[in-house]
Chemist: 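If you scroll down you'll find the structure; I have some questions about it.
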2 protein chains.
Amino acid sequence: MATIKDVAKAAGVSIAAASLALNGKGSLSEETRAKIIETAERLNYKPNALAKGLVTSNKINTIGIIIPKPGTEFLPFVGMDILGGIGEVANEKKYNMLLDWEEGLGGTKVLDLVRSGIVRGLVFFLPLNDVTTFRALNDLNFPYVLMSRPPEGVYCSWVDVDNVDAAYQATVSLIKAGHTRISFSSPGPIDFLVSSDRHSGYRQALLSHNIAYDESYVSIGNGDIQSGKAAMTHFLSLKEPPTALIAGSNLLAIGMLESLKEHGLDHRDKAIITFDDSPLAESYGISAIHIPTNTIAKESARLLIKRIGHTRRVEPENIVIDAQLIVRNTFVPAR
Amino acid sequence: MATIKDVAKAAGVSIAAASLALNGKGSLSEETRAKIIETAERLNYKPNALAKGLVTSNKINTIGIIIPKPGTEFLPFVGMDILGGIGEVANEKKYNMLLDWEEGLGGTKVLDLVRSGIVRGLVFFLPLNDVTTFRALNDLNFPYVLMSRPPEGVYCSWVDVDNVDAAYQATVSLIKAGHTRISFSSPGPIDFLVSSDRHSGYRQALLSHNIAYDESYVSIGNGDIQSGKAAMTHFLSLKEPPTALIAGSNLLAIGMLESLKEHGLDHRDKAIITFDDSPLAESYGISAIHIPTNTIAKESARLLIKRIGHTRRVEPENIVIDAQLIVRNTFVPAR
DNA sequence: CTGAAAGCGCTTACAG
DNA sequence: CTGAAAGCGCTTACAG
């Protein structure tokens, strides 16, 4: 493959002149500049990113995306949506996208990635995080952005919806529709911030409307279809089953609908609101709190790239994105 | 961050000795080697991948994954499954994963990626491909693997299921269940190889069983839910509607089921077999040809990494993975 | 068994 | 306006 040396030789100039011309720097005559650029194109020259990175920032123009290991607790729709959003911004700004996840719970891979110089910044999409990794990144003054609120004790940039408020609004809309027996099913373990935030919003909404918080109306578990079925079965077994259900995830809601069917009921019998709107929720006609993951991803990438531009230590920035209730078939008023 | 110079100085040895020790090469005394390694750990030393890559292969240990742009015609479940599979192998072999897609139809980004030295090999997951890019890669002797059969005129390594055979088997199983009016809906435009292969298998199965091929039983279009509804509506409007339907994609099949419901029918009224099994198909109880995308991804990554190991030009390798019919609720015999 | 030197492909002051 | 030189962090023959 052609190197800058080849280009310089073919154009009959020095290597330095070639470099300057190709980077639009220095003061070359328009003539030589044009000749160099033309020669580079003719030779299909593309600067070696490693050499360039080594001599400039010691890093390569790549942003690392850290996600949960595929096949674990997160919706593929959300995953692809995020990758698409980050990629759109990255492409525009000429950054590459490196995808990775931690194999276990420790955070060693991320730090190795950083130290190896392969990435110039990181975007994290993780439900649960170990504080030490983020601390270490802070100490290195290494740019990163979370696509969620940071865990307790971490001071950093993040982009997220207000999950507490979203859950609050969802619950209130059900209360306004006349429901008083409203259940809540968490999208994952309660120590995931997203779970506890949504639970908190739900609880606050009940209490501010003088509805007692009842633990038997709460299920904590995974966010998959099976859990949804199990939750619905449990709720239906109560002496006073809930008339409205808040499902922490799409798959939960789908499981609930299926379970309803198995019990001879359908979507007209229970109000269901889910989080994380997706084509799935749409096709099932499930009312959903639309979390604009694509927007969150884009904003995160923008924040990160802006941050990469600063070499000095700068203040973290935070962006709160609005979530929105989308009413579909499963939003039925209390009878 | 610590460099090899820092390590050498702290350990009181030359830079060369440090490099040798850390790479397990050369002949150092066990004592100095141990001291160097220990020092490196203490300093959190991690070799700069750019410098290392520059001096060795001129490339970095990264495999590029080229997928369709997210949000376009492909199932997120499949996408995440593939990323998970490739990532598993890549992690094991100490490769990073770079994710990318072409913005338009030309293939310039891929070649730029290759020329910039950021990737050592490529895995392609694309329905449609331009021959020129692959030719250029061949000319550079650059390692790549397709997760699908190559387009006409491209000689390369690939891993895929036999879509013709899978469609053939699916169709035959319906014929054996007594169906003679069997429809086929393509998963995408017919010039996608996957579409034409499946269509071909379907057609061959009919003809080998003396069933006339009838164009009104064939719909060509996108693989989304809307197309599924449209196809079902069309089929139901025929004087003699099909009794069994082959849906080229999951979303198509779901659209068909929904449309059935809208027409007052359900899954017991029509046999439906879909391609690309997923948790979705499972939860809907749709019979599916299970395409083991995760396995295809892993095999592709293995093939690629093996190929990267050869500097000489070697013969391409091909792997055909078996697909398997999974019978669920929507497999009903003809009445 | 260990150190000094060259070089990977590039950029950036620094001379002329 | 252009060229010669140093250097980014590493590895690998090559001397000693």
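Model, not experiment: these values are computed from the prediction. Chain identifiers are assigned alphabetically (A, B, ...) following the order of the sequence lines, protein sequences preceding nucleic acid strands; residue numbering begins at 1 within each chain.
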Chemist: Pair Lys109(A), Asn91(B) - check side chain to side chain donor-acceptor pair (under 3.5 Å), show working.
Modeler: CA-CA 10 Å; Lys109(A) 256 179 83 184; Asn91(B) 283 340; 3.0 Å; yes

Chemist: Rounding to an integer number of Å, can you tell me how far Asn23(B) CG sits from dT12(D) P?
Modeler: 7 Å

Chemist: In dot-bracket notation, what is the pairing pattern of DNA chain C, taking Watson-Crick (N1-N3 plus N6-O4 or O6-N4) and G-U wobble (N1-O2 and O6-N3) contacts under 3.5 Å, with [ ] crossing and | for other strands?
Modeler: |||.||||||||.|||

Chemist: When you check every protein heavy atom under 4.0 Å of nucleotides 2-9 of chain D, what one-letter string (B, S, -) results, 5' to 3'?
Modeler: BBB--BBB

Chemist: In this structure, how many angstroms lie between the C1' atom of dT12(C) and the CG atom of Leu22(A), rounded?
Modeler: 15 Å

Chemist: Once you round to the nearest 0.5 Å, how far does CG of Asp100(A) lie from CG of Asn96(B)?
Modeler: 6.5 Å

Chemist: Atom NZ of Lys59(B) and atom P of dT11(D): how far apart are they, to the nearest Å?
Modeler: 18 Å

Chemist: Identify, with sequence neighbours excluded, every residue that meets side-chain contact (heavy atoms from CB on, under 4.5 Å) alongside Val89(B).
Modeler: Lys93(B), Lys298(B), Ala301(B), Arg302(B), Ile305(B)

Chemist: So that I know where these two stand, are Phe134(A) and Phe124(A) an aromatic pair - ring centroids less than 6.0 Å apart?
Modeler: yes

Chemist: Can you check the Lys25(A) NZ to dC10(C) P distance for me, whole Å?
Modeler: 15 Å

Chemist: Can you measure from CE (Met147(A)) to CD1 (Ile65(A)) and round to the nearest 0.5 angstrom?
Modeler: 9.0 Å

Chemist: How far apart are the C-alpha atoms of Asp81(A) and Thr293(A), what are their side-chain angles, what is the distance that settles it, and do they pass the side chain to side chain donor-acceptor pair (under 3.5 Å) test?
Modeler: CA-CA 7 Å; Asp81(A) 204 26; Thr293(A) 36; 2.7 Å; yes

Chemist: First locate atom OH of Tyr144(A), then atom CZ of Arg307(A), and finally report the distance between them rounded to the nearest 0.5 Å.
Modeler: 10.0 Å

Chemist: Could you tell me the separation between the CE atom of Met1(A) and the P atom of dC10(C), rounded to a whole number of Å?
Modeler: 11 Å

Chemist: Is any NZ, NE, NH1 or NH2 atom of the basic residue among Lys306(B) and Glu317(B) found under 4.0 Å from an Asp or Glu carboxylate oxygen of the other?
Modeler: yes

